[in-house]
Every structure is written in structure tokens, then in C-alpha cells.
Amino acid sequence: MTKRGSLTSTILRLMLVLIFISSSLAVYSIINLTFSIGDARAINASGSLRMQSYRLKLYLDRDEQLLKEKINQFETTLHSEALERSLTWYSPRDLSQQYLLVVDTWNQMRFFIENDQRQNYSASLKDFVDTIDLLVLEMERFAALKLRALVIGQIIGLFLMLIVATVATRYTRKRMVEPILQLMDVANSISKGKFKVNVPQTEYIELHALAEAFKKTASELDTLYQDLEGQVNEKTIALTRANNELSFLYENLIRLHADTLDYKALSAALTQIQQFEDLDYVRLVIEHDDGTIDSIEADNGWLDSNAVNSEQAAVTPVKFNLQLEDKNLGYLEIISLKPLNNMLFVNFAMMLTRSIVIHNATEERQQLALMEERAVIARELHDSLGQLLSYLKIQVSLLRKKIEPQCMTPDVETQLIDINDGVSTAYGQLRELLSTFRLTIKDPNLGQAIEVMLAQLRKQTGIIIELNYQLSPHLLAAKQHIHVLQLTREATINAIKHAKPSRIEIDCFLADSDMIHINIKDDGIGVSHLKERDQHFGIGIMYERATKLHGTVKFDNNPQGGTTVSLVFPPQQEPLNG
């Protein structure tokens with residue numbers, strides 16, 4: 001096991017070495033400067049001895065008291081602390097000897113002064129001054145020596161510091177900087193998403209801990225990154241699927257609202273969702289208020305109980321209700337061996353529900369608009385033609401009364417009768433037309449509307465009138481309802497008035513040929529009476545209504561007697577009134 005030291009301790013040791021060297025240089029400099037503090041004073045003092053020596057020569061012939069003062073001043077300078085430092089242990093031997101020589105020479109010079117040997121003093125003065133000059137020279141040499149020692153010491157110290165700094169730099173670069181740079185490369189690689197990295201080996205605890213932290217972080221980031229990539233892929237797939245689902249729902253919503261909402265459009269929508277979700281079977285069951293149901297299937301149909309395999313038989317169909325508020329329109333039924341995307345089918349069922357409700361509301365508005373328009377026409381006819389015919393009938397009666405008996409010839413009587421019958425017939429036909437226009441369909445179910453109309457006719461006659469209605473509401477549009485209702489009423493009224501039946505049966509059903517049949521059958525006198533009424537206004541309207549329904553109307557004799565009025569037309573499969 002590798003023994004690791006502390007990076008902090010190593011740096012501390014290097015710093016201590018540098019501090020020691022710099023401190024040593026500082027201490028050495030301080031000591032050197034301490035020993036050099038009196039050098040300038042000593043040189044000045046020794047220099048002043050020369051001047052004082054010449055002054056003593058001048059004062060030999062003057063006041064004796066003043067001469068003594070100058071002698072004392074000279075000795076004070078000679079024995080000053082600055083000059084006596086020349087006798088210390090660290091002073092050079094030459095300097096000390098020269099200083100003692102100056103002192104000895106002075107004693108001789110003083111003897112000359114005190115014994116009034118002026119000529120000897122003057123003769124020895126030049127040698128004495130030269131001795132003092134040698135002392136000054138030795139002092140200067142000693143001061144220069146200390147300065148050189150200081151410089152040499154500084155150079156040596158700086159050189160040592162440079163060596164230590166170089167060694168420390170090389171050491172730190174190799175042992176510290178290079179591992180740190182490698183760790184920086186590792187960090188850079190991690191920042192670029194490369195988590196498979198090799199951390200440097202180092203002998204320091206701190207760098208080793210940092211390297212291990214990088215290694216652990218890279219490993220954890222690699223694991224986390226892989227998890228995040230998986231999550232991102234999952235989220236991407238989920239978002240893509242959600243986007244596809246929204247696009248699918250939006251496209252189907254546009255398609256269902258753009259075109260006529262019929263079996264074909266709903267079957268196409270079911271086929272698309274079957275292909276989109278890879279379903280086995282899907283169908284739409286619409287429940288009507290009258291208890292009838294309509295089943296709309298995708299292109300592949302619904303599950304055949306005879307051809308079903310065991311795996312499909314074990315699957316329970318899943319139903320999604322078509323419910324808006326408290327109104328239930330049916331359900332969407334699905335059989336699939338795969339798990340279902342419930343949210344998609346809930347939204348799809350909601351979309352179908354709203355489309356059906358919106359379409360039904362539109363159909364009801366169209367129907368109400370048609371009824372309002374016919375009511376307006378009926379009011380206009382009643383206020384115009386109805387009043388005019390009533391007026392003509394009154395005028396014919398007044399005309400009959402005003403004709404003199406002698407003027408009432410058989411021809412005039414016949415003309416008046418024809419005019420009166422024509423006005424009465426026209427008035428009767430107008431009343432029938434007004435009654436037809438005033439028929440209203442308060443419910444989208446045509447069967448109930450026909451039953452309400454027949455209930456009104458049953459009150460006016462003793463004839464038995466039966467209705468067998470087997471049509472699903474989705475087969476007829478609102479504009480077809482009124483034509484079928486009015487044509488049925490016209491045929492029933494004609495049978496009551498002209499066929500003299502005891503029983504009338506009305507059958508409404510969808511034949512195997514996918515054509516709608518409306519049969520009004522009676523047991524009356526037969527179809528022969530129609531020959532007399534080929535020009536009947538109501539019969540003409542019946543033919544016209546059949547044409548508007550893209551169908552035909554026929555009048556046939558029954559084998560057992562009576563007449564059958566047959567209306568045959570194709571279903572438009574537009575509304576889905578549930």
C-alpha cells in the first residue's frame with residue numbers, strides 16, 4: 001500500500017525553508033548593519049582628529065586656558081565610543097594596532113605641548129597626521145569589508161532562495177501541478193459527457209481524495225446520464241405518441257365537423273383509430289331515445305362468435321361511454337389483445353359524443369327553421385288566398401240571391417253551381433295544404449311525429465289506423481322528415497276520404513335492397529278512383545315530394561282489395577339523433 005503524505009505539510013515545509021532562508025538573510029543584514037552603525041561616526045571622528053591637530057598648533061602661542069580646552073576636546077574625540085570600537089573583538093587587528101599607534105603618538109605629541117616644545121610638535125605634526133590618515137584608511141577598509149560581506153551574504157541568500165524556489169517549482173510541477181492538470185482534463189472530459197475517465201495517481205492525501213471524488217462523480221454521472229438518456233428516450237417516445245394522438249384526434253375532429261356526419265364518416269373514424277392503435281375490433285353503439293340502437297363498425301366488422309379463436313374469446317370488450325352531462329348517447333366498444341391507451345379512447349369517445357350532439361343540434365335547428373318557414377307560408381296563404389276564397393264564396397251566394405227568378409236559367413244555375421263547387425274545392429284544398437304546412441315535428445324521431453299526426457286523424461274518423469315503424473333515426477335527415485310526414489298524411493287523408501276503408505296500415509321499414517319503404521295500405525274500394533283524380537292537387541304534390549326524396553311513389557291494388565301507396569327512396573344516413 002502506497003504511503004501518502006499531506007500536500008499541506010509539504011507546502012508548509014517548502015514555505016518554512018524559504019522563510020528560514022529569508023529570515024536568516026534578514027538577521028544577517030540586521031547584525032551587519034548593527035556593527036556598521038558607528039562606522040560613519042568613527043570615520044568622521046578620526047577625520048576631525050587631523051583638524052584638531054592643526055588647531056592645537058595654532059593655539060600653542062595663545063591663551064593657555066584655551067589650549068587646555070582644545071587638548072581635552074582632542075582627547076575626548078580620540079577616546080570616543082566610535083573610535084574605541086576599533087578595539088572590539090570583531091575589529092581587524094590592523095585597525096586595532098593603528099588606533100593604539102595613534103594613541104601612543106598622541107601621548108608623545110601631548111608631551112611636546114605640555115613642555116612647550118613647539119618646534120618638536122611642529123616637526124612631528126606631519127607624521128602624526130599621517131598616522132591618523134592610516135587609521136581613517138583602516139576604518140574605511142573595515143567598513144567596506146562589512147559592506148562586501150553584506151552583499152556576499154545577500155547574494156548567497158538569494159541564490160539559496162532561487163535554488164529552493166527552483167527545486168520547489170520543479171517538485172510542485174511534477175508532484176502537484178501535473179496531477180491537478182490531469183484532474184482538469186478529467187473535469188473537462190466530464191463536462192463534455194465523457195464519463196469513462198482515468199484519474200491520476202498521486203502520493204498526496206488531498207489530491208488522492210480529489211481524484212477519487214472525480215472518479216466517483218464521473219461514475220455516478222455516467223450511471224445518471226444513462227438513466228437520463230433512457231428517461232429522455234421514454235419521454236421523447238411518450239411526447240411523440242402524445243403528439244401523434246393529438247394530431248389524430250384533431251384530424252378526425254376536423255373531418256367529422258367538416259363533412260356530413262353519417263355512417264360512412266363514423267366508420268372511417270373507427271377504422272383510423274383501429275389502425276392507429278392496432279386494435280382487433282372496434283365499434284360504435286348509438287342508443288336512441290326510443291330504445292333502438294345502431295351499431296357502426298370499422299372496416300373489418302365486429303367479432304364473429306362462430307369464427308372467434310380462444311384467445312380473442314378470453315378478452316372482455318372494453319366500453320367507453322358516450323356521455324355528455326346526464327345524457328347517454330351510447331358507447332364505444334373495443335376488443336384488443338394489447339393494453340389499451342385509456343386516455344386516448346376517453347378523448348376519442350368524448351370527441352364522438354360532442355360531434356353527435358353538435359350535429360343533432362344542427363339538425364334540430366334546421367328542422368325548426370324549416371317549420372318556421374312553413375308556418376310563415378301557411379299564415380301568408382291563410383291571410384291572402386284563404387280570405388280571397390271566402391270572399392268569393394260569399395259573393396257567389398250574394399250573386400245567387402240578387403239574380404231575378406226569371407233570369408235564373410238552367411245554364412246560369414249550372415254555372416253558379418260550378419263556380420261554387422270550384423271555390424269550395426279550392427278552399428278545401430287550401431285548408432288541407434294549410435294543415436300540412438302547420439304540421440310540426442317537435443322531436444327528431446319521425447316515428448313519433450307520424451304517430452302524433454295519426455292520433456289527430458283518428459279523432460276525426462272511426463277508421464282503424466295502425467302504424468308499424470321500424471326505421472332507425474340515423475337513416476333520415478331533417479329535410480326528409482317533413483316530406484315523409486306530409487306524404488304519409490296526404491296518402492292517409494286520401495284513403496279516408498276516397499277509398500272508404502275500414503282499416504289503414506302504415507308500414508315504415510328498410511328493405512334488404514337498402515331502400516326505405518313507406519307503405520300506406522287500406523282495404524277500401526281500390527285504386528280505380530285515382531283515374532278520376534289524376535289532376536288532384538294533392539296527388540301532384542305527393543309525386544313532387546317523392547322526387548325531392550330521390551325516390552318514387554306508386555299506387556297499386558291489393559290482392560285482397562284496397563289500395564297500397566308505396567313510397568320508396570334511398571336513405572341519406574345523415575343524422576345520428578340519439
Side-chain angles (χ1 to χ4, degrees), residues 234 237-305 307-364 444-445 472-475 573-578:
E234 292 177 0
I237 294 173
L239 288 175
T240 302
R241 180 174 180 83
N243 182 64
N244 293 336
E245 292 175 0
L246 289 175
S247 300
F248 169 78
L249 293 174
Y250 179 75
E251 291 174 359
N252 278 276
L253 182 63
I254 295 299
R255 185 179 296 107
L256 290 176
H257 285 279
D259 301 326
T260 302
L261 187 64
D262 54 16
Y263 264 2
K264 185 177 180 181
L266 291 175
S267 179
L270 294 177
T271 301
Q272 283 194 349
I273 198 170
Q274 181 187 27
Q275 296 173 353
F276 185 77
E277 287 293 307
D278 193 19
L279 304 174
D280 294 309
Y281 298 97
V282 58
R283 70 175 177 178
L284 177 64
V285 178
I286 300 177
E287 299 175 351
H288 302 291
D289 292 340
D290 59 357
T292 60
I293 63 173
D294 292 317
S295 178
I296 305 173
E297 303 165 355
D299 288 348
N300 68 331
W302 186 245
L303 184 65
D304 187 357
S305 58
V308 66
N309 57 45
S310 58
E311 189 175 9
Q312 292 175 338
V315 178
T316 303
V318 180
K319 296 181 180 180
F320 297 90
N321 292 328
L322 274 64
Q323 189 167 0
L324 184 64
E325 296 179 353
D326 296 334
K327 188 174 184 180
N328 187 22
L329 303 181
Y331 54 87
L332 179 69
E333 192 171 17
I334 297 168
I335 295 178
S336 177
L337 299 177
K338 298 180 179 180
L340 296 180
N341 185 357
N342 291 328
M343 185 58 65
L344 173 62
F345 292 107
V346 169
N347 292 329
F348 187 72
M350 184 182 300
M351 181 190 70
L352 292 176
T353 303
R354 292 185 179 276
S355 298
I356 293 173
V357 171
I358 291 173
H359 187 79
N360 290 345
T362 303
E363 288 292 322
E364 291 178 4
N445 194 314
S472 297
H474 72 273
L475 296 174
Q573 296 184 349
E574 288 184 352
L576 292 166
N577 303 316

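- We find the CD1-CG distance between I286 and N328 to be 11.5 Å, quoted to the nearest 0.5 Å.
- Distance alone, capped at 3.5 Å, places no donor-acceptor pair between the N243 side chain and the L239 backbone.
- For the atom pair CZ (R283) and CD1 (I334), the distance works out to 12.0 Å, reported to the nearest 0.5 Å.
- Atom CG of residue L246 and atom CG of residue N347 lie 8.0 Å apart, to the nearest 0.5 angstrom.
- Remark: E297 CD to Y281 OH distance equals 10.5 Å, nearest 0.5 Å.
- Interatomic distance, CG of L322 versus CG of L284, reported as 5.5 Å (0.5 Å rounding).
- In this structure, the side chains of N321 and T353 stay at 4.5 Å or more apart for every pair of heavy atoms.
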